[in-house]
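All remarks here apply to the structure that follows.
We count residues from 1, following the sequence as given.
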Amino acid sequence: MFSYFYESAKNSPFRGPFSRVECAGTDNTTLSLNRSPVEGREIAAAAAVAPTDSCEFGSNKYFALCGIGGILSCGTTHTFVVPLDLVKCRLQVDQAKYKNLFHGFKVTVAEEGARGLAKGWFPTLLGYSAQGLCKFGLYEVFKVKYANLLGEENAYLYRTSLYLAASASAEFFADIALAPFEAAKVKIQTVPGFANTFREAVPKMLKDEGINAFYKGLVPLWMRQIPYTMMKFACFERTVELLYKYVVPKPRTDCTKGEQLIVTFAAGYIAGVFCAIVSHPADVVVSKLNQTKGASALGVAKSLGFMGMWNGLTPRIIMIGTLTALQWFIYDGVKVALGIPRPPPPEAPASLKAKLEKEGKQQ
């Protein structure tokens, strides 16, 4: 699979996420990208689909397949770290009982056995699969649509802002899909005796608080997830670009499959650490809010105080750093397996290079 991954990246006709394919002539000639030929390839169709690609970059099929990649990326990784997430949530809501990460694991196993560490796995799987579908799929949609609105040159010059805007837009909708499952998961994990399974929790939550039980945490969820996702995507995109520019001593197309995967994982972990820090206070509020009946986000924040909103930061950095790195690794792998186009890091379009060169000569 990874040899296919490498060949797809090497032969991709897309030099950047915002590049457009244009015809070099009206006859049966080779198509050009940014008015320069693609070396080693002749493209005879306007769609410019590479032989190893299953779809055209920016097509509806492309966005749908990216959504599938998001499901597999987010659903599997979040479910994998449920034990760590459970202890992290309990540290956030009961610091007196669960003194630190290792003590939290010890107390949980002593009281509930090893199976207790898996509490909340099913709503986690469902919720984060739905979130991954929207997060990754809509990010690709918004990134392309916003880039088209800005134009090729501005999309390159302001690409960080573009990543931030596209990821924030995608996460807004992703959290609406996640909120009900997140609320049930936190109830199962942090309220002793409330429920052991998702099927038990849902009717109890409806009986106690109605439909509001599933969406009362939506606003703090936005406060947690939107900054997190903005950092996750923008930091990852720019870190990959910087790693290939300053750390990796050769272009991505010349790297082996192992080197490319190392860069993806490293960039994902770096992004994950920053994600955990910027979104942690809101994460603590979400956990406490869903634990306590009738509580409000503002009331919870006041009761916790500034220092209280940093409870459980260390396990969350470990969890989110690992999660983010694995998510990008899996997402990239799914793109390869499904034949989804994988543009290399963006480079300045030819028209912008010409302008900058002209300005330099004039100065």
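Within the 4.5 Å cutoff, no side-chain heavy atoms of Val248 are placed close to those of Glu259. Contact check for Asp85 versus Lys88: side-chain heavy atoms found under the 4.5 Å cut-off. Looking at Thr322 and Phe80, their side chains never come closer than 4.5 Å, going by heavy atoms from C-beta outward. At least one side-chain heavy atom of Val82 sits under 4.5 Å from a side-chain heavy atom of Gln189. Contact check for Lys143 versus Glu237: side-chain heavy atoms found under the 4.5 Å cut-off. Under the 4.5 Å side-chain criterion, counting only non-hydrogen atoms from C-beta, Cys66 is in contact with Ile340. Taking 4.5 Å as the limit, some side-chain heavy atom of Phe214 sits within range of a side-chain heavy atom of Val202. At a threshold of 4.5 Å between non-hydrogen side-chain atoms, the residues Leu84 and Phe105 count as touching.
Results of the salt bridge (charged side-chain N to carboxylate O under 4.0 Å, His left out) test with Glu140 over Lys61, Lys145, Lys335 single out Lys335 as the only residue that passes. The only option from Lys185, Gln327, Glu182 that meets the side-chain hydrogen bond (donor to acceptor under 3.5 Å, both in side chains) definition with Tyr128 turns out to be Glu182. Glu111 pairs with exactly one of Lys106, Lys119, Lys97 by the salt bridge (charged side-chain N to carboxylate O under 4.0 Å, His left out) rule, that one being Lys97.
With values rounded to the nearest 0.5 angstrom, Ile317 atom CD1 is found 10.5 Å from Phe274 atom CZ.
Taking the centre of each ring, Trp222 and Phe172 come in below the 6.0 Å mark. Ring pair Phe57/Tyr62: centre-to-centre distance below 6.0 Å. For Phe233 and Phe136, the ring centers sit closer than 6.0 Å to each other.
In this structure, Phe122 places its CZ atom where only 12 or fewer heavy-atom neighbours from other residues, nucleotides or ligands lie under 6.0 Å away. No more than 12 heavy-atom neighbours from other residues, nucleotides or ligands sit within 6.0 angstrom of CE on Met223. For Lys250, the NZ atom sits in a packed shell: over 12 heavy atoms of surrounding residues, nucleotides or ligands are nearer than 6.0 Å. No more than 12 heavy-atom neighbours from other residues, nucleotides or ligands sit within 6.0 angstrom of OH on Tyr158.
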> Given the rule in the side-chain hydrogen bond (donor to acceptor under 3.5 Å, both in side chains) test, do Tyr146 and Ser169 qualify, once you have shown the distances and angles that lead to the verdict?
Replying inline: CA-CA 11 Å; Tyr146 291 166; Ser169 300; 2.8 Å; yes
> After noting the C-alpha distance and the side-chain angles of Phe181 and Phe198, does the key distance pass the side chain to side chain contact (heavy atoms under 4.5 Å, CB included) rule?
Replying inline: CA-CA 9 Å; Phe181 302 99; Phe198 183 63; 3.8 Å; yes
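Under a 3.5 Å cut-off, the side chain of Ser54 and the backbone N or O of Gly339 do form a donor-acceptor pair.
For Lys355 and Glu153, the salt-bridge test passes: some basic side-chain N is under 4.0 Å from an acidic carboxylate O.
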